[in-house]
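Taking it in order: structure first as structure tokens, then the write-up.
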Amino acid sequence: MDENVLAELSDLFKVFGDTTRVKILFALSESPLFVGDIASKVGMSDSAVSHQLSILKLNRLVKASREGRSLRYSLDDAHVSSILNIGLEHLCEKKGIA
């Protein structure tokens, strides 16, 4: 496999290595949300959520659509949800959790 592709894949998985970002991704897997709504769901400040969203957006895991003066965030595509769900499924199987 191409070394650059492997490096990019490794970088992608590093983004999932932060609990805060995973919480945000799970919140967005339920429905698109504004920054304030995400902050309420994950128990963080708006500025902390905005910082994490910029990392997620840079890595093409979330996207934003403008609604008036605000941005509504959502998962970039169904692959992101699949990655989360497969990881959770793997973990639950290994731990014997249904």
Side-chain angles (χ1 to χ4, degrees):
M1 188 163 288
D2 181 88
E3 208 52 44
N4 290 331
V5 172
L6 291 174
E8 286 183 38
L9 181 60
S10 176
D11 289 343
L12 174 68
F13 281 111
K14 286 177 188 173
V15 176
F16 286 94
D18 181 272
T19 305
T20 299
R21 289 192 287 266
V22 171
K23 286 180 186 178
I24 291 169
L25 290 171
F26 270 115
L28 292 174
S29 71
E30 295 172 8
S31 66
L33 298 166
F34 295 104
V35 171
D37 298 327
I38 298 168
S40 293
K41 279 192 170 247
V42 300
M44 297 173 57
S45 69
D46 288 6
S47 62
V49 167
S50 291
H51 173 72
Q52 296 301 329
L53 284 169
S54 67
I55 294 169
L56 293 168
K57 192 172 177 189
L58 180 67
N59 286 278
R60 298 182 307 273
L61 296 172
V62 301
K63 60 185 176 184
S65 58
R66 185 159 297 283
E67 291 192 20
R69 295 175 59 188
S70 300
L71 293 174
R72 182 184 300 260
Y73 288 88
S74 61
L75 297 181
D76 191 70
D77 60 31
H79 295 114
V80 179
S81 184
S82 295
I83 293 167
L84 289 170
N85 290 328
I86 289 170
L88 188 59
E89 183 180 320
H90 174 75
L91 179 65
C92 289
E93 282 180 10
K94 294 298 178 190
K95 291 191 171 270
I97 302 168

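Every heavy atom of this structure was used, including side-chain atoms; hydrogens, water molecules and symmetry mates were not.
In this structure, Leu75 CG and Ile24 CD1 are separated by 11.5 Å, a value rounded to the nearest 0.5 Å. For the atom pair Phe16 CZ and Leu25 CG, the distance stands at 5.5 Å (nearest 0.5 Å). Atom NZ of Lys95 sits about 10.5 Å away from atom NE2 of His90, to the nearest 0.5 Å. The line from CG of Leu71 to NZ of Lys63 is 13.5 Å long, rounded to the nearest 0.5 Å. The CG atom of Asp76 sits 8.0 Å away from the CZ atom of Arg60 when rounded to the nearest 0.5 Å.
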Query raised in the report: Going through the checks in order, is the side chain to side chain contact (heavy atoms under 4.5 Å, CB included) test met by Phe26 and Val42?
Result: CA-CA 10 Å; Phe26 270 115; Val42 300; over 6 Å; no
Query - CA sep, side-chain torsions, deciding dist, call: Ile97, Leu91, side chain to side chain contact (heavy atoms under 4.5 Å, CB included) - result: CA-CA 8 Å; Ile97 302 168; Leu91 179 65; over 6 Å; no
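Both Ile83 and Tyr73 are members of a single hydrophobic cluster when ILVMFWY side chains are connected at heavy-atom separations under 4.5 Å. Cluster annotation: Phe34 and Leu56 are assigned to distinct hydrophobic clusters (Ile/Leu/Val/Met/Phe/Trp/Tyr, side-chain heavy-atom contacts under 4.5 Å, transitive).
Glu3 is linked by a side chain to side chain donor-acceptor pair (under 3.5 Å) to nothing, counting only residues two or more places apart in sequence or in another chain. Checked against side chain to side chain donor-acceptor pair (under 3.5 Å), Asp77 has the following partners two or more places apart in sequence or in another chain: His79. For Lys57, there are no side chain to side chain donor-acceptor pair (under 3.5 Å) partners two or more places apart in sequence or in a different chain. Checked against side chain to side chain contact (heavy atoms under 4.5 Å, CB included), Asp2 has the following partners two or more places apart in sequence or in another chain: Asn4, Val5. Residues that satisfy the salt bridge (Lys or Arg N to Asp or Glu O under 4.0 Å) test with Asp11, not counting sequence neighbours, are Lys14. Glu67 pairs by the side chain to side chain donor-acceptor pair (under 3.5 Å) definition with Arg72, not counting sequence neighbours.
Across all non-hydrogen atoms, the minimal contact from Ser81 to Ser29 is OG-CB, 4.5 Å.
One N or O on the side chain of Asp18 and one on the backbone of Thr20 form a donor-acceptor pair closer than 3.5 Å.
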Exercise answer: donor-acceptor pairs, residues 48-55 side-chain atoms, under 3.5 Å, sequence neighbours excluded:
from: Ser50; atom 1: OG; to: Asp46; atom 2: O; distance (Å): 3.0
from: Gln52; atom 1: OE1; to: Arg21; atom 2: NH1; distance (Å): 2.9
from: Ser54; atom 1: OG; to: His51; atom 2: O; distance (Å): 2.6

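Sorted by first then second residue, the salt bridge (Lys or Arg N to Asp or Glu O under 4.0 Å) pairs that include residues 33-42, not counting sequence neighbours, are Glu30-Lys41.
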